[in-house]
Amino acid sequence: MPFVKGDTRINANGRPKGALNRTSEQMRLTINRAVNNTLSTIQTDLEELKKTNPEKALDLAMKLMEYAMPKMRSIDITGTMEVNAKIQSINLNIVDGTKHNNIKDI
């Protein structure tokens, strides 16, 4: 049946933003099930792999760690600041037992 303007059975708003279609939703569910099944044996699998190929086990553990811990990165902050202040006076107290009236006496 062709589109008829003003038909009340048609959703004029369309699919809500971020909503998945059925195929995407089923695919995501299938992948989640597979991951959940793998998570229950991943520790023993890593231990088995460590016995035969420790380098590959370490590489796999590092890749998995990216999903558990955020990556740290450096942040450079630059800026300028204008200071329009003058030094009024500097008081200097030297504790050596002698009294100095002028800084040139020291």
Side-chain angles (χ1 to χ4, degrees):
M1 164 163 53
F3 177 76
V4 178
K5 192 171 184 175
D7 191 352
T8 58
R9 295 176 294 157
I10 296 174
N11 182 1
N13 296 329
R15 185 184 302 159
K17 188 174 185 178
L20 299 174
N21 62 22
R22 277 190 215 116
T23 306
S24 297
E25 197 171 341
Q26 288 173 349
M27 183 61 87
R28 183 174 286 176
L29 183 61
T30 303
I31 291 171
N32 282 339
R33 286 181 184 154
V35 168
N36 285 336
N37 291 338
T38 304
L39 287 177
S40 62
T41 63
I42 199 159
Q43 186 172 358
T44 54
D45 293 342
L46 269 174
E47 289 171 2
E48 294 282 326
L49 186 60
K50 191 190 294 186
K51 292 175 187 173
T52 58
N53 192 346
E55 185 177 308
K56 191 170 185 176
L58 180 61
D59 185 46
L60 181 59
M62 295 295 286
K63 287 180 182 177
L64 289 172
M65 210 179 308
E66 292 178 9
Y67 295 98
M69 296 172 41
K71 288 184 179 181
M72 303 295 272
R73 64 182 181 131
S74 65
I75 298 174
D76 294 328
I77 299 175
T78 59
T80 59
M81 189 167 93
E82 191 174 315
V83 178
N84 292 329
K86 293 182 180 179
I87 298 174
Q88 296 292 330
S89 67
I90 298 176
N91 296 328
L92 181 62
N93 294 328
I94 299 175
V95 183
D96 65 350
T98 59
K99 186 175 180 181
H100 301 282
N101 292 328
N102 196 341
I103 198 157
K104 294 177 185 174
D105 295 341
I106 300 175

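Please read these numbers as outputs of a predicted model, since none were measured by experiment.
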Partner residues of N53 under the side chain to side chain donor-acceptor pair (under 3.5 Å) criterion, sequence neighbours left out: none
Is L58 reachable from L49 through a run of hydrophobic residues whose side-chain heavy atoms are each under 4.5 Å from the next? no
Any non-hydrogen side-chain atom of D59 less than 4.5 Å from a side-chain atom of K63? yes
Testing the basics here: between A34 and T38, what is the closest heavy-atom pair and its distance to 0.1 Å? O-OG1, 2.9 Å
List in chain and number order the residues that pass side chain to side chain donor-acceptor pair (under 3.5 Å) with T41, two or more places apart in sequence or in another chain; answer none if no residue qualifies. D45
Rounded to the nearest 0.5 Å, how far apart are CG of N21 and CE of M27? 11.0 Å
Pairwise distance CD(Q26) to CD1(I31) - rounded to 0.5 angstrom: 12.0 Å
Would you please name every residue forming a side chain to side chain donor-acceptor pair (under 3.5 Å) with N32, sequence neighbours left out? none
Just so I know, are the side chains of K50 and L46 near enough to count as touching, which here means a heavy-atom distance under 4.5 Å? no
